[in-house]
There are 2 protein chains.
Amino acid sequence: MGVDCHHTESAQPGLEGAALASAVAAAETKCERTRERLTPPRRRVLELLLEADGPMKAYDLIAAYGQDGEPAKPPTVYRALEFLERLGFAHRIESLNAYVPCRMEGTSHRAAFLICECCGTAEEFEPDFAPQFAAAEAAGYAVRTVTLEARGLCPACKGGA
Amino acid sequence: MGVDCHHTESAQPGLEGAALASAVAAAETKCERTRERLTPPRRRVLELLLEADGPMKAYDLIAAYGQDGEPAKPPTVYRALEFLERLGFAHRIESLNAYVPCRMEGTSHRAAFLICECCGTAEEFEPDFAPQFAAAEAAGYAVRTVTLEARGLCPACKGGA
DNA sequence: AACCAATGCGTTATGAAATAACATAACCCG
DNA sequence: CGGGTTATGTTATTTCATAACGCATTGGTT
Ligand SMILES: [Zn+2]
Ligand SMILES: [Zn+2]
Ligand SMILES: [Zn+2]
Ligand SMILES: [Zn+2]
């Protein structure tokens with residue numbers, strides 16, 4: 001990923017087996033409570049995101065969609081991503097044109113990311129937007145959503161070369 | 001721009017005449033001081049950004065490039081934008097795939113934007129990243145750049161319908 | 001059960017955004 | 001001038017995302 005670094009992308013191992021099933025089941029439960037439907041394509045895309053070791057591009061998801069190797073059609077994946085973002089199960093990282101599953105517990109959080117320019121991992125964290133928010137409202141703005149993406153080096157890549 | 005709003009995009013009127021020339025001249029001066037070259041395509045793209053009433057898409061710039069109506073070739077504009085960003089004369093707004101001229105005085109600032117979802121304006125402001133920065137470094141990250149884009153309604157659009 | 005509106009899906013096609021690759025030209029410095 | 005470096009012109013391609021339309025499923029209503 002980085003120009004002068006050859007770490008493999010592994011800082012955020014994807015889920016497998018029971019952990020994966022459990023995460024999907026949790027999403028299912030959450031959907032039932034709000035009368036939303038975790039349909040097969042939505043579930044499949046969520047699985048792919050959860051299994052991945054890092055941010056996934058839309059066309060990576062499209063290529064990986066079919067268990068038999070058959071790709072999905074783009075709208076299938078983009079629609080699923082739209083749903084997953086709306087429900088808070090996934091986030092789009094604007095500066096990467098890529099998507100990650102939500103790693104935070106709380107239902108209502110504002111997503112923010114620490115993106116490693118070396119290994120490509122994107123760690124979600126809970127930011128404190130209070131200062132920005134206050135400044136914006138003082139200027140007369142009504143803020144609805146905030147995108148925060150910090151880029152740099154993760155601990156692993158910072159240490160070694 | 002917004003789904004239920006019909007304000008015209010005018011909150012950030014572009015520069016014209018003397019003001020435009022002055023802004024371009026200031027950029028030129030800054031370049032000379034650092035031995036960078038504000039070549040014709042770079043100057044032209046900067047002009048277009050400064051003249052615009054709001055964020056410009058790359059292909060808007062491409063279409064508007066030639067004074068005679070002739071569009072530019074994409075690499076011409078993308079290279080110019082890369083230069084302008086590097087020098088701090090312009091910023092890319094990730095969540096819009098669009099570009100704005102820098103509206104801040106200081107040479108070294110971290111750009112952040114308040115984006116109106118109604119009229120489309122993007123106001124640059126000087127954010128206070130200290131808390132996020134501290135949190136990230138505490139987690140072992142070496143942060144290099146931060147992208148912050150807040151979306152909501154500007155004062156004008158918030159007030160009226 | 002028959003109906004209907006709302007939502008989601010499959011499919012085809014197209015549009016929008018960005019870059020690769022390579023040849024040519026201008027610049028800078030000694 | 002010569003030679004390295006930086007910038008540009010040009011063609012083509014890749015990557016990312018959505019429009020449009022008809023069909024299927026769902027869930028409630030008569
Ligand atoms: Zn999240
Ligand atoms: Zn890393
Ligand atoms: Zn700026
Ligand atoms: Zn507005």
Side-chain angles (χ1 to χ4, degrees), chain A residues 1 3 27-28 31-46 48-49 55-68 70-87 89-100 120 147 149, chain B residues 1 3 27-28 31-49 52 55-68 70-87 89-100 120 147 149:
Chain A
M1 203 91 192
V3 56
E28 190 113 47
C31 283
E32 279 162 10
R33 245 177 297 176
T34 54
R35 300 226 206 295
E36 298 279 355
R37 298 163 55 202
L38 191 62
T39 59
R42 293 167 176 179
R43 166 192 288 265
R44 177 61 180 149
V45 171
L46 176 57
L48 289 170
L49 289 175
M56 290 278 279
K57 302 265 199 172
Y59 274 73
D60 293 340
L61 295 166
I62 286 166
Y65 184 86
Q67 284 90 341
D68 54 357
E70 278 305 295
K73 306 288 171 62
T76 301
V77 165
Y78 279 103
R79 285 165 178 161
L81 287 170
E82 185 185 3
F83 170 85
L84 295 171
E85 282 196 79
R86 182 162 59 81
L87 276 283
F89 294 141
H91 301 293
R92 171 179 167 83
I93 301 184
E94 297 288 350
S95 60
L96 296 177
N97 289 356
Y99 302 82
V100 291
T147 298
E149 298 173 11
Chain B
M1 203 91 193
V3 56
E28 189 114 48
C31 283
E32 279 163 9
R33 245 177 297 176
T34 54
R35 302 226 204 296
E36 298 278 356
R37 298 163 53 201
L38 191 63
T39 59
R42 293 167 177 178
R43 164 192 288 265
R44 177 61 180 148
V45 172
L46 177 58
E47 274 178 14
L48 288 170
L49 289 175
M56 289 280 279
K57 302 266 200 175
Y59 275 72
D60 293 341
L61 295 166
I62 287 167
Y65 184 86
Q67 285 89 343
D68 54 357
E70 278 305 295
K73 306 289 171 62
T76 302
V77 164
Y78 279 103
R79 285 165 177 162
L81 287 170
E82 185 186 3
F83 170 85
L84 295 172
E85 281 197 79
R86 181 163 59 80
L87 276 284
F89 295 141
H91 302 293
R92 170 179 168 81
I93 301 182
E94 297 287 349
S95 60
L96 296 178
N97 289 355
Y99 302 83
V100 291
T147 299
E149 298 173 11

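Values reported hereafter were calculated over all heavy atoms of this structure, with side chains retained and with hydrogens, waters and symmetry mates removed.
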Expressed in angstrom and rounded to an integer, what is the separation of [X] atom [atom1] from [N] atom [atom2]?
| X | N | atom1 | atom2 | value |
| --- | --- | --- | --- | --- |
| B/Leu38 | D/dA7 | CG | C1' | 13 Å |
| A/Lys57 | C/dA17 | NZ | P | 16 Å |
| A/Leu87 | C/dT7 | CG | P | 14 Å |
| A/Glu85 | D/dA17 | CD | P | 10 Å |
| A/Arg43 | C/dG8 | CZ | P | 16 Å |
| B/Leu81 | C/dT19 | CG | P | 10 Å |
| B/Ile93 | C/dA18 | CD1 | P | 13 Å |
| A/Leu61 | D/dT15 | CG | P | 15 Å |

Would you indicate which nucleotide in [options] comes nearest to any side-chain atom of [X]?
| X | options | value |
| --- | --- | --- |
| B/Thr76 | D/dC16, C/dT12, D/dG9 | D/dG9 |
| B/Tyr99 | C/dA18, D/dG9, D/dT18 | C/dA18 |
| A/Pro75 | D/dT10, C/dT19, D/dA19 | D/dA19 |

**Q.** Check: B/Cys31 and B/Phe89 side chains under 4.5 Å, non-hydrogen atoms
**A.** yes
**Q.** Heavy-atom side-chain contact between A/Asn97 and A/Arg92 under 4.5 Å
**A.** yes
Q | Position toward the 5' end of DNA chain C (nearest nucleotide), B/Tyr78 or A/Lys73 | A | A/Lys73
So, OP1 or OP2 of [N]: does either fall under 4.0 Å of a side-chain N or O from [X]?
| X | N | result |
| --- | --- | --- |
| B/Thr39 | D/dT8 | yes |
| B/Tyr59 | C/dA17 | no |
| B/Arg42 | D/dA7 | yes |
| B/Arg92 | C/dA18 | yes |

Q: Between A/Pro74 and B/Phe83, just flag the one whose closest nucleotide in DNA chain D comes earlier from the 5' side.
A: B/Phe83
Q: Return the 5'-most residue of the pair B/Asn97, A/Arg79 with respect to DNA chain D, ranking by each residue's nearest nucleotide.
A: B/Asn97
(Q) Does this structure show an ion pair linking A/Glu82 with A/Arg79, if we count only N-O contacts that are shorter than 4.0 Å? (A) no
Q | Plane angle bin for A/Tyr78 and A/Tyr59 - parallel if under 30°, tilted between 30 and 60°, otherwise perpendicular | A | perpendicular
Q) Got a donor-acceptor pair under 3.5 Å from the side chain of A/Arg35 to the base of D/dG27? A) no
Q. Does a distance-only test, which skips hydrogens and angles, find a donor-acceptor pair under 3.5 Å between the side chain of A/Arg37 and the base of D/dG27?
A. no
Q: Look at the side chain of B/Glu149 and the backbone N and O of B/Glu94, then say whether any donor-acceptor pair between them is shorter than 3.5 Å.
A: yes
Q.
Any base atoms under 4.0 Å from B/Pro41, or only sugar-phosphate, or nothing? Heavy atoms, all strands.
A. sugar-phosphate
